[in-house]
Amino acid sequence: QVQLVESGGGLVQPGGSLRLSCAASGRAFSINAMGWYRQAPGKQRDLVAIITSGGSINYEDSVKGRFTISRDNAKNTVYLQMNSLKPEDTAVYYCKADIMSLTTRVNYRYWGQGTQVTVSS
């Protein structure tokens with residue numbers, strides 16, 4: 001069993017910055033891709049950014065140049081640095097991790113509990 005714990009959301013003014021963190025904990029697992037998704041009220045959950053175990057990165061077009069995803073493999077943690085935030089970035093942000101059990105060699109997908117990001121003056 002693996003748990004993802006997110007932190008770092010909150011209320012920020014337009015143009016401000018926030019940093020989200022997502023830490024994976026558990027026993028005997030290997031993390032493949034980790035990513036951030038967001039879901040605004042009444043909308044579907046969409047990809048924001050993803051980073052593979054090899055360091056390949058993809059961003060959703062609207063966040064390119066403003067958001068930066070990174071990971072610390074030693075800490076099993078992924079980060080999302082969000083700069084120049086806009087009201088349209090307001091959403092619940094979810095961490096996702098594709099994880100392989102080292103005991104069963106089965107792949108699983110885990111989601112964090114979500115953290116609210118509100119951009120408003």
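Side-chain atoms are counted along with the backbone in the values below, which use heavy atoms only and exclude waters and symmetry mates. In this text, all values refer to a predicted model and were calculated from it rather than measured experimentally.
I69 and Y37 fall into different hydrophobic clusters, where Ile, Leu, Val, Met, Phe, Trp and Tyr are joined by side-chain heavy atoms under 4.5 Å apart, directly or via other members. Linking Ile, Leu, Val, Met, Phe, Trp and Tyr residues whenever their side-chain heavy atoms come within less than 4.5 Å places V2 and V106 in a single cluster. Residues M82 and V119 share a single hydrophobic cluster, defined by chaining ILVMFWY side chains whose heavy atoms lie under 4.5 Å apart. Linking ILVMFWY residues whenever their side-chain heavy atoms come closer than 4.5 Å, directly or via other members, places I51 and V63 in the same cluster.
No donor-acceptor pair under 3.5 Å is formed between the side chain of T90 and the backbone N or O of E88.
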*What do the steps show when you test I50 against I57 for side chain to side chain contact (heavy atoms under 4.5 Å, CB included), and what is the final call?*
CA-CA 6 Å; I50 191 167; I57 292 173; over 6 Å; no
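When all heavy atoms of A40 and A91 are compared, the pair lying nearest together is N-CB, 3.8 Å. In terms of heavy atoms, Q39 sits closest to R45 at OE1-NE, 3.5 Å.
The CG atom of L80 sits 12.0 Å away from atom CE of M34, with the distance rounded to the nearest 0.5 Å. Of the inter-residue distances, the one linking L85 atom CG with S120 atom OG reads 12.0 Å to the nearest 0.5 angstrom. To the nearest 0.5 angstrom, C22 atom SG is 4.5 Å from L4 atom CG. In this structure, L47 CG and N58 CG are separated by 7.5 Å, a value rounded to the nearest 0.5 Å.
Contacts classified as side-chain hydrogen bond (donor to acceptor under 3.5 Å, both in side chains) and involving residues 104-114 (residues at least two apart or in different chains) are given here: D98-R109, S101-T104. Residue pairs meeting the ring-ring contact (aromatic ring centres under 6.0 Å, His included) criterion with at least one member in residues 49-99, sequence neighbours excluded, do not occur. Residue pairs meeting the side-chain hydrogen bond (donor to acceptor under 3.5 Å, both in side chains) criterion with at least one partner in residues 3-27, sequence neighbours excluded, are S17-N83.
Cluster partners of V5: none. The rule joins Ile, Leu, Val, Met, Phe, Trp and Tyr whenever side-chain heavy atoms lie under 4.5 Å apart, and it links nothing here.
In this structure, I31 and N76 have side chains that are in contact, with non-hydrogen atoms separated by less than 4.5 Å. With a 4.5 Å cut-off on side-chain heavy atoms, V92 and Q116 count as touching. Side chains of V78 and C95 form a contact here, defined as non-hydrogen atoms less than 4.5 Å apart.
Listed by chain and residue number, nothing satisfies the side-chain hydrogen bond (donor to acceptor under 3.5 Å, both in side chains) test with Q1 (two or more places apart in sequence, or in another chain). For the salt bridge (Lys or Arg N to Asp or Glu O under 4.0 Å) test, no residue two or more places apart in sequence or in another chain qualifies with R71.
Put simply, the residue from T115, D46, D89 that forms a side-chain hydrogen bond (donor to acceptor under 3.5 Å, both in side chains) with R38 is D89.
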